[in-house]
Amino acid sequence: MLILGIESSCDDTAAAILEDNVILSNVLTSQDQIHTKFGGVVPELASRQHLQAIHPVVEAALAEAGKQLADIQLIAATRGPGLIGSLLVGYSYSKALSYVSNIPLIGVDHMAGHILSVFLGRKKPNFPYIALIVSGGTSAIYLATSYNDFQLLGRTRDDAAGEAFDKVAKLLGLPYPGGPQVAGMAANGDPQAVRFPRAWLNENSLDFSFSGVKTAVLNHVNSCRQQGIQPNTENICASFQEAVAEVLVEKTISAAKRHHIDTVVVGGGVSANTRIRDLFSARCATEDLFFYAPKPIYCTDNAAMIALAGYHAYHHSGPVSLDEDVYSRSPLG
Ligand code: KG4
């Protein structure tokens with residue numbers, strides 16, 4: 001089946017063509033340069049950019065795959081969660097395309113895309129698995145039992161992990177998006193230099209909280225400045241990254257143990273982080289767990305994962321009605 005995937009939930013406009021689960025093209029335009037001067041995504045600017053980019057991006061994806069719109073058998077578009085204005089551009093465009101071309105449409109949950117993105121790689125996990133999804137808008141642990149069944153086991157109570165990376169970058173004067181900037185600085189820093197707090201919450205909790213570690217970084221920077229000491233950005237980044245990585249890895253492994261699952265999968269922009277991936281690999285090896293991570297380009301927002309999740313959702317529940325609307329909060333939690 002030839003599928004056109006369309007993604008516009010935040011600040012990336014993306015389209016991809018998949019033949020079943022083989023990627024024929026994967027096109028993305030990033031708005032980073034527009035939002036970086038504001039230190040974060042400006043929703044109104046994001047939707048205006050999507051309006052300009054959506055049609056050329058879809059045309060480019062078709063051209064790169066060597067296909068025509070008439071060849072497409074299913075349109076899979078992100079329905080939510082995300083910024084409503086951004087979602088509306090991609091989803092309304094997809095509805096219109098579906099209507100005028102008589103191609104069925106499936107609305108895809110962005111979280112389902114991240115949970116399944118690991119299937120875009122050569123090495124594919126078996127169900128059931130535990131999925132840690134960490135991005136700018138979410139941090140959550142799921143038990144995935146099939147392509148369409150995901151049970152939420154824990155989620156952030158405040159900031160998402162990516163949001164914490166972005167806020168720490170901002171307070172250190174690093175540009176948006178902060179995750180890759182912090183990771184770059186951390187590569188030359190000492191992760192043991194500052195002991196930032198790890199929020200384990202209560203013993204059985206699989207929830208996360210990252211606002212404390214972000215505030216601890218702010219307090220550390222302020223305290224250095226009050227003492228006339230120049231804060232060491234590389235050490236701060238490495239120490240902050242280590243605190244976040246440890247909590248993400250240990251809680252995910254604990255979820256696997258508790259549910260007697262032998263496979264751990266990650267997804268979402270933060271899972272592109274090399275230190276987090278390395279710590280997962282090392283700890284999963286010690287705990288006799290299989291570990292799978294998508295290629296970094298499929299960790300961050302992309303339309304290939306939306307096409308893939310749409311393919312499975314369509315075979316499970318058929319096309320959606322064109323009356324269905326976008327949503328800002330995921331029913332998956
Ligand atoms: O999944 P994604 O592209 O978009 C959302 O749905 O949010 O994730 C973007 C988030 C941003 O917060 C960005 O700073 C973070 O992922 N990120 C990283 C890295 N690359 C992207 N965080 C830590 N380390 C990275 N290498």
Side-chain angles (χ1 to χ4, degrees), residues 7-14 26 28-32 35-36 38-41 43 46 50 78-84 86-87 90 108-118 120 131-140 155-156 158-172 174-187 189 191 208 210 213-214 217 237-249 266-280 293-306 309 328-330 332:
E7 152 66 28
S8 72
S9 63
C10 189
D11 61 339
D12 293 312
T13 320
N26 184 42
L28 182 141
T29 57
S30 162
Q31 303 178 6
D32 285 354
H35 300 291
T36 196
F38 302 101
V41 177
H50 283 305
T78 307
R79 231 186 114 191
L83 300 172
I84 286 296
S86 294
L87 287 163
V108 177
D109 190 281
H110 186 80
M111 300 307 293
H114 279 310
I115 294 169
L116 298 177
S117 59
V118 70
L120 294 168
L132 170 76
I133 306 304
V134 269
S135 68
T138 226
S139 295
R155 58 175 301 173
T156 183
D158 40 56
D159 292 351
E163 195 180 350
F165 268 93
D166 293 338
K167 288 177 176 171
V168 162
K170 195 172 180 181
L171 74 90
L172 292 170
L174 302 171
Y176 174 86
Q181 301 287 332
V182 170
M185 286 283 169
F208 298 108
F210 294 110
V213 64
K214 172 200 67 190
V217 174
C237 287
S239 302
F240 161 77
Q241 178 178 268
E242 199 63 16
V244 173
E246 224 177 279
V247 173
L248 292 176
V249 171
V266 291
V270 179
S271 69
N273 183 284
T274 309
R275 174 58 189 150
I276 293 173
R277 293 163 83 99
D278 288 350
L279 194 58
F280 261 113
K295 274 188 189 172
I297 54 159
Y298 301 125
C299 290
T300 44
D301 289 350
N302 67 87
M305 70 178 191
I306 301 302
S328 61
R329 294 196 63 141
S330 174
L332 298 178

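As the structure lists them, so they are numbered: ligands from 1, and atoms in each ligand from 1. These numbers were taken from a predicted model, which means no experiment stands behind them.
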- Does Cys10 have a heavy atom less than 4.0 Å from any atom of ligand 1? no
- Task: Give a yes/no verdict on whether any heavy atom in His114 is under 4.0 Å from an atom of ligand 1.
- Result: yes
- Closest non-hydrogen atoms of Tyr298 and Ala304, given as atom of the first, atom of the second and distance, are CE2-CB, 4.2 Å
- Query: Where on Thr300 is there a heavy atom closer than 4.0 Å to ligand 1, on the side chain, on the backbone, on both, or on neither?
  - Reply: both
- Message: Counting non-hydrogen protein atoms only, what is the nearest one to atom 10 (C) of ligand 1? Give residue, atom name and distance.
- Response: Gly136 N, 3.5 Å
- Query: Would Gln181 count as a contact of ligand 1 if the rule is a heavy atom under 4.0 Å away?
  - Reply: no
- Which of parallel (below 30°), tilted (30 to 60°) and perpendicular (above 60°) describes His114 and His110? perpendicular
- Using a strict 4.0 Å cut-off to heavy atoms of Gly162, name the atoms of ligand 1 that fall inside it. 12 (O)
- Item | Beyond-backbone contact of Val134 with Phe208, side-chain heavy atoms, under 4.5 angstrom | no
- Item | Where ligand 1 meets Gly137 - atom numbers and elements under 4.0 angstrom, heavy-atom basis | 7 (O)
- Note on the structure: Closest non-hydrogen atoms of Ser135 and Ala160, given as atom of the first, atom of the second and distance, are O-CB, 3.5 Å
- Query: Is there a donor-acceptor pair closer than 3.5 Å between any side-chain N or O of Thr36 and the backbone N or O of Tyr176?
  - Reply: yes
- min-distance protein heavy atom vs atom 18 (C) of ligand 1 -> Gly179 CA, 3.5 Å
- Note on the structure: If we number the atoms of ligand 1 from 1 as shown, the ones under 4.0 Å from a heavy atom of His110 are 6 (O)
- Query: Is any side-chain heavy atom of Asn302 less than 4.5 Å from a side-chain heavy atom of Asn26?
  - Reply: yes
- Task: Decide yes or no for Pro175 and Gln181: does some side-chain heavy atom of the first lie under 4.5 Å from some side-chain heavy atom of the second?
- Result: yes
- Item | Closest protein heavy atom to atom 19 (C) of ligand 1, given as residue, atom name and distance to 0.1 Å | Gly269 O, 3.6 Å
- Closest approach of any protein heavy atom to atom 24 (N) of ligand 1, naming residue and atom: Asn273 ND2, 3.0 Å
- Message: Can you check which of Thr274, Asp301, Asp166 brings a heavy atom nearest to atom 14 (O) of ligand 1?
- Response: Asp166
- Taking every heavy atom of Gly269 against every heavy atom of Thr300, the minimum-distance pair comes out as CA-CG2, 3.7 Å
